[in-house]
A.B. asks: 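Attaching a single structure in structure tokens format; questions to follow.
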Amino acid sequence: MIEEAINFDAPLVSFDAETHVLELWHGPTLAFKDFGARFMARLMKYFREGKDKELIILTATSGDTGSAVAHGFLGVPGIRVIILYPSGKVSDIQEKQLTTMGQNISALEIEGTFDDCQRLVKQTFTDQELRAKLDLSSANSINIARLIPQSFYYAWACAQIGKTDKPIIVSVPCGNFGNLIAGLIAKRMGIPITRFIAATNSNDIVPKYLLTGKFTPAASKKTISNAMDVGNPSNFVRMLELYDHSVENMRQDIVGYSFSDDATRMAIKEVYKRHGYILDPHGAVAYLGLEKYQKEYGKEYRGIFFATAHQAKFLDIVQPLINDPIPVPERLQEYMKREKRSIVLSSEFEQLKRYLLG
């Protein structure tokens, strides 16, 4: 299953001896979510064999999860996928990737934020009538099967660094914090990562917690790194469990930083000018996290930051910043030629419930 699901590389690109970027966007949908979605699809297909009742997978997306899940589960017998995404808050290419698949994939365009989409999915799982009538599961990072394969590339990053006497630090762009949890799992399994940087955009709930010890969810703010626009990250409860609900314990392994859209734009410009490397907005946030860490703690580390999506997914943001054309991979161009098909729903749970029962 692993060999079939992860049939693409995650190469490590070096800027200098202390700074490396792990490219996680070489899968079919050009985003890191391919690791989890493709593995999960094969796992669920295996465990569904011989069962008559259709499995309905609900997933909320702020960008790349939806397209990866749609591609990973496309045509899998006995499984129907329903994707909830916030209307007007994903990029054009991301929207085309998750609304044009057809077959067993349906897209619900929710009039609200990603947090509304996530809330609706969670409400579905706690509704007794729906649970009695439907066979439900999730492809979000609330499902552990999404996180397990994401731990693989932390090991692969360290393997590519090779033997080193210097500690390894990893900067992770964070929204719902599933990616970071996968790294914490990898560390518990023995992967030699000394510390993690939780790098966020202006949705800075967890960095504030690490600073103050207080967790205060808030309405999500719209940014240019849209996949990280989460005001109440689901995986925070897992972070608490891993560290015995102690912020002091958590601080031993994790430092948190947040960055504005202006800082993100400047990072994209700076990295392209200095290294000739094109970052997407999410990778730029991770780069800023590593850069800030190195300024505070020095460069006696091997620093890795994650680039989680291909730059062409964010042409309207990135291309004007670097003043050079960005080649659009053919598979993305094909999506743009297709017709969008979605059903618009409000953020009220009763509307979603009627749709599911209908």
Side-chain angles (χ1 to χ4, degrees), residues 5-6 10 22 24-25 27 29 31-41 43-44 57-69 72-73 83-85 90 94 114-115 117-119 121-122 125 137-155 157 170-189 191 193 196-201 203-207 209-210 215 217 220 225-243 250 253-254 256 282-283 285-286 289 305-309:
I6 303 172
L22 188 71
L24 296 173
W25 44 259
T29 70
F32 81 105
K33 300 292 177 71
D34 285 323
F35 285 89
R38 286 171 63 80
F39 177 82
M40 176 187 269
L43 202 64
M44 286 188 168
I57 294 179
L58 280 179
T59 188
T61 184
S62 54
D64 289 322
T65 297
S67 56
V69 169
F73 283 89
I83 301 164
L84 287 72
Y85 75 97
V90 300
Q94 286 172 326
F114 169 75
D115 291 325
C117 298
Q118 187 167 252
R119 171 181 53 79
V121 170
K122 290 179 179 178
F125 290 130
S137 188
S138 172
N140 281 101
S141 56
I142 57 176
N143 190 326
I144 195 69
R146 252 279 307 281
L147 299 185
I148 291 168
Q150 287 182 238
S151 68
F152 301 167
Y153 50 72
Y154 284 87
V170 180
S171 181
V172 185
C174 295
N176 215 19
F177 281 78
N179 203 354
L180 180 62
I181 289 289
L184 299 176
I185 291 171
K187 181 177 172 67
R188 294 290 177 98
M189 291 194 291
I191 303 306
I193 297 170
F196 297 88
I197 301 161
T200 75
N201 56 28
N203 293 279
D204 57 355
I205 313 305
V206 173
Y209 169 79
L210 289 166
F215 182 72
S220 60
S225 48
N226 64 287
M228 296 154 61
D229 292 351
V230 183
N232 188 10
S234 288
N235 286 290
F236 181 71
V237 292
R238 285 192 171 119
M239 293 174 69
L240 289 176
E241 286 295 315
L242 283 169
Y243 293 98
M250 201 180 292
D253 285 346
I254 308 166
H282 309 79
V285 171
F305 72 95
F306 288 171
T308 53

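These numbers come from the heavy atoms of this one structure, side chains and all, not from hydrogens, waters or symmetry mates. For clarity, every value in this text was computed on a predicted model and none was experimentally measured.
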A.B. asks: Under a 4.5 Å cut-off applied to non-hydrogen side-chain atoms, are Pro233 and Phe215 in contact?
C.D. replies: yes
A.B. asks: State, to 0.1 Å, how close Ala199 and Val285 come at their nearest heavy-atom pair, and which atoms those are.
C.D. replies: CB-O, 3.6 Å
A.B. asks: Using a 4.5 Å cut-off on heavy atoms from C-beta on, say whether the side chain of Phe73 contacts that of Ile83.
C.D. replies: no
A.B. asks: Tell me whether Asn226 contacts the main-chain N or O of Val90 through its side chain, where contact means a donor paired with an acceptor under 3.5 Å.
C.D. replies: no
A.B. asks: How many angstroms lie between CD1 in Ile254 and CG in Leu180, if you round to the nearest 0.5 Å?
C.D. replies: 5.0 Å
A.B. asks: Shortest non-hydrogen contact from Gly256 to Leu210?
C.D. replies: N-CD1, 3.5 Å
A.B. asks: State whether the side chain of Thr200 and the backbone N or O of Cys174 hold a donor-acceptor pair below 3.5 Å, judged by distance alone.
C.D. replies: no
A.B. asks: Would you say the side-chain atoms of Arg38 pair up with the backbone N or O of Gly27, donor to acceptor, closer than 3.5 Å?
C.D. replies: no
A.B. asks: Could you please spell out the steps behind the side-chain contact (heavy atoms from CB on, under 4.5 Å) verdict for Asn203 and Met228?
C.D. replies: CA-CA 8 Å; Asn203 293 279; Met228 296 154 61; over 6 Å; no
A.B. asks: Ignoring hydrogens and geometry, is there a side-chain-to-backbone donor-acceptor pair from Gln150 to Ile181 under 3.5 Å?
C.D. replies: no
A.B. asks: Looking at residues at least two apart in the chain, or sitting in another chain, which of them share a side chain to side chain donor-acceptor pair (under 3.5 Å) with Thr59?
C.D. replies: Asn140
A.B. asks: What are the two closest heavy atoms between Gly231 and Ser220, and how far apart are they?
C.D. replies: N-CB, 3.6 Å
A.B. asks: Check the angle between the aromatic planes of Phe236 and Tyr209 and answer parallel, tilted or perpendicular using the 30° and 60° thresholds.
C.D. replies: perpendicular
A.B. asks: Within this structure, what is the CG-CG distance for the pair Asp34 and Leu24, rounded to the nearest 0.5 Å?
C.D. replies: 10.5 Å
A.B. asks: Closest approach of Ala286 and Pro173, non-hydrogen atoms and distance?
C.D. replies: CB-CD, 3.6 Å
A.B. asks: Does the side chain of Asp229 reach to within under 4.5 Å of the side chain of Asn201, using non-hydrogen atoms?
C.D. replies: yes
A.B. asks: Under a 3.5 Å threshold, yes or no: a donor from one side chain and an acceptor from the other, between Asn235 and Arg238?
C.D. replies: yes
A.B. asks: For the residue pair Pro207 and Ala198, what are the closest heavy atoms and their distance?
C.D. replies: CG-O, 4.3 Å
A.B. asks: Going by ring-ring contact (aromatic ring centres under 6.0 Å, His included), name the residues that satisfy it together with Phe305, two or more places apart in sequence or in a different chain.
C.D. replies: Phe15, Tyr287
A.B. asks: Can you tell me how far CE of Met40 sits from OG of Ser138, rounded to the nearest 0.5 angstrom?
C.D. replies: 6.5 Å
A.B. asks: Measure the shortest side-chain to side-chain distance between Lys187 and Phe196 over non-hydrogen atoms and say whether it is less than 4.5 angstrom.
C.D. replies: yes
A.B. asks: Decide if the gap between the ring center of Phe306 and the ring center of Phe32 is smaller than 6.0 angstrom.
C.D. replies: no
A.B. asks: For the atom pair CD1 (Ile193) and CZ (Arg188), what is the distance rounded to the nearest 0.5 Å?
C.D. replies: 13.0 Å
A.B. asks: If we only count heavy atoms from C-beta on, is the Leu184 to Tyr154 side-chain gap below 4.5 Å?
C.D. replies: no
A.B. asks: Any chance you could lay out the side-chain contact (heavy atoms from CB on, under 4.5 Å) test for Lys33 and Thr308, step after step, and finish with the verdict?
C.D. replies: CA-CA 8 Å; Lys33 300 292 177 71; Thr308 53; over 6 Å; no
A.B. asks: First locate atom CE of Met250, then atom CG of Leu240, and finally report the distance between them rounded to the nearest 0.5 Å.
C.D. replies: 5.0 Å
A.B. asks: Mark yes or no for whether Asn176, through its side chain, and Gly178, through its backbone, hold a donor-acceptor pair below 3.5 Å.
C.D. replies: no
A.B. asks: Are the side chains of Leu58 and Leu84 in touch, meaning some heavy atoms are under 4.5 Å apart?
C.D. replies: yes
A.B. asks: Only counting residues at least two apart or in another chain, list the ones meeting side chain to side chain donor-acceptor pair (under 3.5 Å) with Lys122.
C.D. replies: Ser234
A.B. asks: Indicate yes or no: at least one non-hydrogen side-chain atom of Met239 is less than 4.5 angstrom from one of Val206.
C.D. replies: yes
A.B. asks: Given the side-chain rings of Phe152 and Phe35, with only the six-membered ring counted for Trp, is the space between their centroids under 6.0 Å?
C.D. replies: no
A.B. asks: Between Asn143 and Met44, is there a side-chain heavy-atom distance shorter than 4.5 Å?
C.D. replies: yes
A.B. asks: Heavy atoms only: give me the nearest Ala41-Gly72 pair and the separation to one decimal.
C.D. replies: CB-O, 3.1 Å
